[in-house]
Amino acid sequence: MDFIPCISEYFFKNNIDFKLNASMKEYTTFKIGGNIDVLVFPKTILEIKKIILYCLKKKKHYIFLGRCSNILVDDDGIRGVGILFSHNFSETIIDGNKIKTHCGMPLSKLCITAYENSLSGLEFAWGIPGSVGGAVYMNAGAYGKEIKDIIIEAEYMDEKGDIYKIHKNEMELGYRTSIFMKKSYCILSMTIDLTKKKSEEIKKDMDDIISRRLEKQPTNFPSAGSVFKRPNGSYAGFLISECGLKGYSIGDAQVSEKHAGFIINKGNATCSDVFSLMEHIREEVFKKTNYYLEYEIKKI
């Protein structure tokens, strides 16, 4: 922890917003996790570059964070620096049918922006709690559509602080995967191509999407969304339910009785509770169905 005074002085001197020993419970949708040594909130590309290069110079671990809606943070917290993108880095530019937006933009807010400009194609993301950066990182999707269906290109920063554009055909976008999962790149922005449509028709589709979410998903409890990826030939929630695990709990972590593909935090669940439950689910499903479930959420 001897690097804390040095990094604090550096960030303060460069007018970069940061917090020391920040509780990740306040930032994760799971409301779970210990403290992180340093949490930084960059406002510009130059600040991002300074943060990355400083961490590399001091040989300090750093990670990129968005809305923290698809992660499970360890009870002991995170050692190093978290670079968090939210409203602090969410500039959006509309050019005809195209929208370019920075990685911190919440998907929900981007959906509203598209709707207000009579642009259709993003309705599927209405209700997804993540950010643009996270959506590109994992090729987020719902109801038969994914980011890869609308994205044109993205911008990213490599570990040297250099900025590049990458076309969608180079992103290796697949089911909950992208090239960014293999690289230590910082996704800066994405550009999507939408289609003109009457705003009232877009709103009707968005209302339908959100009503389906509210009906089927446990939105009244903290969670990280779908815990497992969809296995070939079946659905994780169906398999978990068939194995009689709906409502099964370890501590305050529970398999949702509303949607078995979700694990919810009933109040004071720990990372240990959730991870133990995840492992138990995977073992039971494999033993009873021969399906091996892959994790969709990322443990940090």
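Within a 6.0 Å sphere centred on NZ of Lys229, other residues, nucleotides and ligands contribute more than 12 heavy atoms. By the 6.0 Å contact criterion, CG on Asn169 is enclosed, its count of non-hydrogen atoms from other residues, nucleotides or ligands being greater than 12. Residue Lys299 places its NZ atom among more than 12 non-hydrogen atoms of other residues, nucleotides or ligands, all under 6.0 Å distant. Within a 6.0 Å sphere centred on NZ of Lys203, heavy atoms belonging to other residues, nucleotides or ligands number 12 at most. Taking a 6.0 Å sphere around NZ of Lys258, one finds it holds more than 12 heavy atoms contributed by other residues, nucleotides or ligands. Residue-environment remark: CZ (Phe12) stays at or below the threshold of 12 foreign heavy atoms within 6.0 Å. Crowding of Asp162 atom CG: a count of heavy atoms from other residues, nucleotides or ligands under 6.0 Å exceeding 12.
The backbone N or O of Lys43 sits less than 3.5 Å from a side-chain atom of Glu47, completing a donor-acceptor pair. Remark: side-chain polar atoms of Ser86 are not paired, donor with acceptor, to backbone N or O of Asn88 under 3.5 angstrom. A side-chain donor-acceptor contact under 3.5 Å links Asp158 to the backbone of Gly161. Side-chain atoms of Asp37 never come within 3.5 Å of backbone atoms of Asn21 as a donor-acceptor pair (strictly under, hydrogens ignored). When atom types are taken as modelled, the side chain of Thr270 and the backbone of Asp273 share a donor-acceptor pair closer than 3.5 angstrom. Checked by atom type and distance alone, the side chain of Thr113 pairs as donor or acceptor with a backbone atom of Lys109 at under 3.5 Å. Of the possible polar contacts, none joining the Tyr175 side chain to the Asn139 backbone as a donor-acceptor pair under 3.5 Å is found. Distance alone, capped at 3.5 Å, is enough to place a donor-acceptor pair between the Glu170 side chain and the His167 backbone. No donor-acceptor pair closer than 3.5 Å links the side chain of Ser249 to the backbone N or O of Gly251. Proximity of a side-chain donor or acceptor of Ser211 to a complementary backbone N or O of Asp207 within less than 3.5 Å is detected.
Here side-chain hydrogen bond (donor to acceptor under 3.5 Å, both in side chains) pairs that include residues 190-201, with residues two or more places apart or in two chains, are Lys197-Asp205. Among residues at least two apart or in separate chains, side-chain hydrogen bond (donor to acceptor under 3.5 Å, both in side chains) pairs with a member in residues 115-133 are Ser120-Glu123.
Summarising the geometry of Gly127 relative to Ile210, their closest heavy-atom pair is CA-CD1, 3.9 Å, with the distance given to 0.1 Å. Counting all heavy atoms, side chain and backbone alike, Lys25 lies closest to Gly33 at CG-O, 3.3 Å. Nearest heavy-atom pair across Ala140 and Phe124 is O-CE1, 4.0 Å. Here the closest non-hydrogen pair linking Arg282 and Glu294 is NH1-CA, 4.4 Å. Annotation for Phe64 and Ser184: closest pair CE1-O, 4.4 Å, computed over non-hydrogen atoms. In terms of heavy atoms, His87 sits closest to Pro106 at CE1-CG, 3.6 Å.
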Give the C-alpha distance, both sets of side-chain angles, the deciding distance and a yes or no for side-chain contact (heavy atoms from CB on, under 4.5 Å) between Leu84 and Val40. CA-CA 6 Å; Leu84 190 141; Val40 197; over 6 Å; no
After noting the C-alpha distance and the side-chain angles of Leu194 and Ile99, does the key distance pass the side-chain contact (heavy atoms from CB on, under 4.5 Å) rule? CA-CA 8 Å; Leu194 304 178; Ile99 301 179; 3.8 Å; yes
I'd like to know whether Phe18 forms a side-chain contact (heavy atoms from CB on, under 4.5 Å) with Ser8, so could you lay out the CA-CA distance, the side-chain angles of the two residues, the decisive distance to 0.1 Å, and finally the verdict. CA-CA 8 Å; Phe18 69 97; Ser8 299; 3.9 Å; yes
Quick one: do Ile300 and Asp74 satisfy side-chain contact (heavy atoms from CB on, under 4.5 Å)? Show the steps, please. CA-CA 6 Å; Ile300 300 179; Asp74 194 275; over 6 Å; no
Where do Thr101 and Thr92 land on the side-chain hydrogen bond (donor to acceptor under 3.5 Å, both in side chains) test, with the steps shown first? CA-CA 4 Å; Thr101 184; Thr92 298; 2.9 Å; yes
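A salt bridge links Arg176 with Glu296: at least one charged nitrogen is closer than 4.0 Å to a carboxylate oxygen. Under 4.0 Å is where a charged nitrogen must lie from a carboxylate oxygen, and between Lys182 and Glu172 at least one such pair does. The pair Asp208-Lys204 does not meet the salt-bridge criterion, since no charged nitrogen lies less than 4.0 angstrom from a carboxylate oxygen.
Here Met190 contributes atom CE and Met171 contributes atom CE; the two are 9.5 Å apart, rounded to the nearest 0.5 Å. Expressed to the nearest 0.5 Å, how far CD1 of Ile128 lies from OG of Ser69 amounts to 9.0 Å. Residue Glu283 holds its CD atom at 8.0 Å from NZ of Lys287, rounded to the nearest 0.5 Å. Separating the OH atom in Tyr185 from the CD1 atom in Ile187 is a distance of 11.5 Å, to the nearest 0.5 Å. Interatomic distance, Arg79 CZ to Asn35 CG, rounded to the nearest 0.5 Å: 8.0 Å. Remark: Cys271 SG to Asn265 CG distance equals 11.5 Å, nearest 0.5 Å.
Residue Ile83 is tested with Phe41, Phe89, Tyr62 for a side chain to side chain contact (heavy atoms under 4.5 Å, CB included); the sole match is Tyr62.
No side-chain heavy atom of Pro129 sits under 4.5 Å from any side-chain heavy atom of Arg67. Two residues are said to be in side-chain contact when any heavy atoms from C-beta on lie closer than 4.5 Å; Lys19 and Tyr27 meet this criterion. For the pair Ile71/Leu65, a side-chain contact is recorded, criterion being any heavy-atom separation below 4.5 Å from C-beta on. In this structure the side chain of Pro218 reaches within 4.5 angstrom of the side chain of His259, judged on heavy atoms. Using a 4.5 Å cut-off on side-chain heavy atoms (C-beta onward), Ser178 and Val136 make no contact. The closest side-chain heavy-atom distance from Ile179 to Ile166 is below 4.5 Å.
Between Phe286 and Tyr292, the ring planes are perpendicular. Angles over 60° get that label, and only those under 30° would be called parallel.
The hydrophobic cluster containing Phe221, built from Ile/Leu/Val/Met/Phe/Trp/Tyr side-chain heavy atoms closer than 4.5 Å, also comprises Ile264. With side-chain heavy atoms closer than 4.5 Å counting as contact, directly or through intermediates, the hydrophobic cluster containing Ile263 also holds Phe30, Ile32, Leu72, Val227, Phe228, Tyr235, Phe238, Leu239, Ile240, Leu245, Tyr248, Ile250, Val255, Val274, Phe275, Leu277, Met278, Ile281, Val285, Tyr291, Leu293, Tyr295, Ile297.
Linking ILVMFWY side-chain heavy atoms closer than 4.5 Å, directly or via other members, places Leu173 and Leu110 in a single hydrophobic cluster.
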Side-chain polar contacts of residues 48-56 - donor-acceptor pairs under 3.5 angstrom, sequence neighbours left out - could you list them?
| from | atom 1 | to | atom 2 | distance (Å) |
| --- | --- | --- | --- | --- |
| Lys50 | NZ | Asn14 | OD1 | 3.1 |
| Tyr54 | OH | Cys6 | O | 3.4 |

May I have the list of side-chain donor-acceptor pairs in residues 143-155 shorter than 3.5 Å, sequence neighbours left out?
| from | atom 1 | to | atom 2 | distance (Å) |
| --- | --- | --- | --- | --- |
| Asp149 | OD2 | Glu146 | N | 2.8 |
| Glu155 | OE1 | Lys100 | NZ | 3.2 |
| Glu155 | OE1 | Ser189 | OG | 3.0 |

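Aromatic ring centres of Tyr137 and Phe180 lie farther apart than the 6.0 Å criterion allows.
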